[in-house]
Amino acid sequence: MLIKKAADFRYSEITPKSVYLNRRKFLAAAPAALLAAREAFSPSGRAAAASLGGLAKSPFSTTEPVTSEQIVTHYNNFYEFGTSKDEPVKYAQNFKTSPWTVSVEGDVEKPRKLSMDEILKLAPLEERIYRHRCVEAWSIVVPWVGYSLSALLNQVKPTPKAKYVAFESFFSSKEMPHADGIPFPYVEGLRLDEAMHPLAMLCVGMYGDPLPPQDGAPVRMVLPWKYGFKSIKSLIRIKLVGGQPPTTWNIAAPSYYGFYSNVNPNVAPQHDQRMEARLPYPFRNHPTLMFNGYGDQVASLYAGMDLKKNY
Ligand code: MTE
């Protein structure tokens, strides 16, 4: 149902022409692929996963209806595993996410290389139900699992020189032969005060289970007030730095994708952002909210800034 109607989306709204032309090819084949995936796998597309127990509830959770796991795990943007929405679930299943380490380095007093075991134990795991808004104008509501990135940053103690946080995804052309469309490794960045905001989440799971590979296993960022492309997947490096770090989509198309990329219905460097399609509905059925509805929490981070210029 979803994929059939996905032709209504304007992929050209965010994506280079070569990429969206390839996507058209996939749309023709998608319904059969989706059916096959549904038969072969659990909702997340993997065989079975140990669930994450003892999750604390979060005051940051929305009470809006949660999007089905089937959609969230089969309609992905993860260009390391292909540029079409149905490719990550197919091509990421053998992605080796263990052992895994995340290096936290740069302008910090105590640089660390953390194993996944250490990351899982660093702070109590919470379930946070956040809205997730892609710049392509579709949105979902996801019960993520993790904790505030600030818990990790406070442990490494940023020095006064640290003003920004640079993030880097894992990349291997051998393990990711379908990677296409943008330069790799995928990199992202935040100002340090954005990264320290309690809503900025270091995420290790969803729907009570560890993250499936197509959603950024084993650890990713989730930044609910920003367009989805800021929420970098399969993190291997977090570096505290003095200057604004480069970001992948800004490198690929600087006039469309700014460093901040806060959800903003009034700013549309490329196309209209006033309405969004809350999946499974493929048509724009929801008004887009400033900061994706998280303005009460995050607007003060941008006080006095021209958000049209700093898009
Ligand atoms: N991270 C990496 N490493 N590679 C990507 O292609 N895509 C981004 C973001 N993080 C991407 C990434 C985009 S465009 C979006 S909308 C979200 O991941 C999608 O997350 P989801 O597939 O879990 O919904």
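In what follows, every heavy atom counts, from backbone to side chain, and hydrogens, waters and symmetry copies are set aside. As the structure lists them, so they are numbered: ligands from 1, and atoms in each ligand from 1.
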Quiz item: When you look for heavy atoms under 4.0 Å from ligand 1, do you find them on the side chain of Tyr186, its backbone, both, or neither?
Solution: side chain
Quiz item: Are Ser139 and Arg133 linked by a side-chain donor-acceptor pair shorter than 3.5 Å?
Solution: no
Quiz item: So which bit of Ser169 gets within less than 4.0 Å of ligand 1, heavy atoms only: side chain, backbone, both or neither?
Solution: side chain
Quiz item: Using a distance-only test with no angle check, is there a side-chain donor-acceptor pair under 3.5 angstrom linking Arg131 and Thr67?
Solution: no
Exercise. Would you kindly say whether Gln93 and Gln214 are connected by a side-chain donor-acceptor distance under 3.5 Å?
Key: yes
Quiz item: Can you find an N/O atom of Tyr79 closer than 3.5 Å to an N/O atom of ligand 1?
Solution: yes
Quiz item: Do any nitrogen or oxygen atoms of Gln214 come within less than 3.5 Å of a nitrogen or oxygen of ligand 1?
Solution: no
Quiz item: Just heavy atoms, cut-off under 4.0 Å: does Arg220 contact ligand 1 by side chain, backbone, both, or neither?
Solution: side chain
Exercise. Would you mind running through ligand 1 and noting each atom that sits below 4.0 Å from a heavy atom of Cys134?
Key: 16 (S)
Quiz item: How about Asp306: does its CG atom have over 12 heavy atoms from other parts shown lying under 6.0 Å from it?
Solution: yes
Quiz prompt | Side-chain heavy atoms of Phe259 within contact of Gln244, under 4.5 Å | solution = yes
Exercise. May I ask you to identify, for Glu80, whether its side chain, its backbone, both or neither come under 4.0 Å of ligand 1 on a heavy-atom basis?
Key: side chain
Exercise. Indicate yes or no: does an N/O atom of Trp249 lie under 3.5 Å from an N/O atom of ligand 1?
Key: no
